[in-house]
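Labels below follow one simple rule: chain letters A, B, ... track the order of the sequence lines, proteins then strands, and each chain is numbered from 1.
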Amino acid sequence: MTQFVQNLVDGLGLGGTYALLALGISLIFGVMHLVNFAHGELITVGAYTGYFCSKELGGSWWWMPIAIIGACVAASVLTERIAFRWVRNANPFTMLLTSFALERLSHALWQIFVSPKAQAFPKVSWAFDTLTFGSVRIEKMDLVTIAVTAFALVATGLVFKRTLFGIAVRGAAEDFDAARLMGVKANRVILGAFAYAGLLAGVAAVLILMRTPSAKPDMGSSWLLAAVIAAVIGGMGSFPGAVVGGVVLGMLETFFQSYLPEGTLSYLNDAFVFGVIALVFIVRPQGLFDVAHAERV
Amino acid sequence: MLELQDVTTRYGAVTALDRVSLRVAEGELVALVGPNGAGKTTLLNTVAGLLRPASGSITFRGGSIAGTEPATLVRRGLALVPEHRRIFKDLTVEENLKLAGATVGARTRKVRVHEVAANFGVLQHKWRVSAGYLSGGEAQQLAVARALMSDPKLLLLDEPTLGLAPTLVDTIFELLVRLRAEGRTVLVVEQNAHRALAIADRGYVLRSGRLVAEGTGRDLADDPHLFESFLGGGIT
């Protein structure tokens, strides 16, 4: 039981982080029909921002989150302006290749201009302090992660439901041309979607870095993979689906990690996780949530 | 209000509109009719900015608008109710209207949502319902209501009665007449050619991308030859 509760907390924390990233992937897919393989690089940008703030500015975790989130938003917006805007009306394959190119470019630039080695910086001093509830011991960072993620997701829900920007993004995701006919400016809604995806990735980056404050050129790729899988599990283009997909993936990883016996099988953790995901797609190839309009461009 | 001069629109190598010239004067209700595949939708989409003409000029309220972004045209007073309505099925009725008020400030938007809702009573009962659950008639009214959110001077409608039950078709034709009475200029593409021409001030007949006839709505509606040769007969 104790083990179960601890796994649940870990799974929610990891899953929440995946959800933030998957939501960004889904958001951009919604407005542009692009699976943005450069999205994970925002985590890398956040990590190097943290590293430079620590090293050059004697950064404190009191203000670094703002710098990290700011850098992620700026980087996301920049990729739209300098890269994706120019291939927006090209065929989907061109857009996909552009996002791959950005990912590789990011890896190369950090390698050349910083170092291929991981650069560590100080962690939050209380991150691994534990709180005890009966027989369950939970790290403070886990609770912070869950609370921040929950807050970010609820806030995002309100933004999508209540603000004109949110309604415009949902409308544009369903039928972009119809949204243009209603007066929604294509450039603005797409730039806004990239900025919002950057914001969510920034929050995820802060949560990841508070736990493991280290920057490495290719660190974004594994997060990207998880986020894309989560978005696909949920049904690409469905915003609630991305959140559910993220949590499901986080839970699967955590529970397999915990319950697979030590030794050979625990090395096969990913194999088990992907095995389950493969089963999901055999039963529901469209993902957990239906997106009726996903085929229409 | 609107003038097209020798407008040609192509999809790749296919010419969908071939040197079409037409005009719509302020306050007029103009019907554009023709068989399937004649280029009617292409014409409206070209005017509304979804398609860029290969050649020719389009003038709206004195300014050239060929190839202008739809979002800009809406702000200048030109709105299109597109083919198949294309309401946002995942959004509620209220959200559909709010989004269509993207062109105006928040305060004006609020006032206008209520004005439009009052004019389309049927929508008020479905305010928080996802538009995907509306019936065909309700969906069409929402599509028109949505276009009115920007308070357009010129309203383009593409097959507004498509797939509707006969009584609802009546409602839509009454709505068109009412829009003209409110002082809006209307260009409507219709499959019910005869009825559309009967209420229209003037009409144009399009066939295989070319204009083949024009005249007052009455004259065209009463011309049996026209219906035989261009509209394939049988269409009423």
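Taking a 6.0 Å sphere around CD of B:Glu26, one finds it holds 12 or fewer heavy atoms contributed by other residues, nucleotides or ligands. Residue A:Phe93 places its CZ atom among 12 or fewer non-hydrogen atoms of other residues, nucleotides or ligands, all under 6.0 Å distant. Counting heavy atoms of neighbouring residues, nucleotides and ligands inside a 6.0 Å radius, atom OH of B:Tyr133 does not exceed 12 of them. Other residues, nucleotides and ligands contribute only 12 or fewer heavy atoms inside 6.0 Å of the CZ atom of A:Arg162. Residue A:Asn91 places its CG atom among more than 12 non-hydrogen atoms of other residues, nucleotides or ligands, all under 6.0 Å distant. Other residues, nucleotides and ligands contribute over 12 non-hydrogen atoms within 6.0 Å of the CH2 atom of B:Trp127. Summarising the local packing, CZ of A:Phe274 is surrounded by more than 12 heavy atoms from other residues, nucleotides or ligands at distances under 6.0 Å.
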Report the C-alpha distance between B:Val74 and A:Met182 in whole Å, list the side-chain angles of each, state the deciding distance to 0.1 Å, and finish with yes or no for side-chain contact (heavy atoms from CB on, under 4.5 Å).
CA-CA 7 Å; B:Val74 179; A:Met182 297 302 114; over 6 Å; no
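What you find for A:Ala178 and B:Arg86 is that their closest heavy atoms are CB-O, 3.7 Å. For the pair B:Lys98 and A:Leu164, the tightest heavy-atom approach, listed with the atom from each and the gap, is O-CD1, 3.5 Å.
Scanning residues 184-195 of chain A against chain B with a 4.5 Å heavy-atom cutoff picks out A:Val184, A:Lys185, A:Ala186, ordered by number.
To the nearest 0.5 Å, atom CG of residue B:Asn45 and atom CG of residue A:Leu181 are 7.5 Å apart. Atoms CZ and CG, from A:Phe239 and B:Asp90 in turn, are 9.5 Å apart once rounded to the nearest 0.5 Å. Atom CG of A:Asp177 sits about 5.0 Å away from atom CG of B:Leu50, to the nearest 0.5 Å.
At a 4.5 Å heavy-atom cutoff, B:Ala79 makes no contact with chain A through either its backbone or its side chain. Contact annotation for B:Arg85: neither backbone nor side-chain heavy atoms come within less than 4.5 Å of a heavy atom of chain A.
Remark: the backbone N or O of A:Gly183 is paired with a side-chain donor or acceptor of B:Arg75 at under 3.5 angstrom. Proximity of a side-chain donor or acceptor of A:Glu174 to a complementary backbone N or O of B:Lys89 within less than 3.5 Å is detected.
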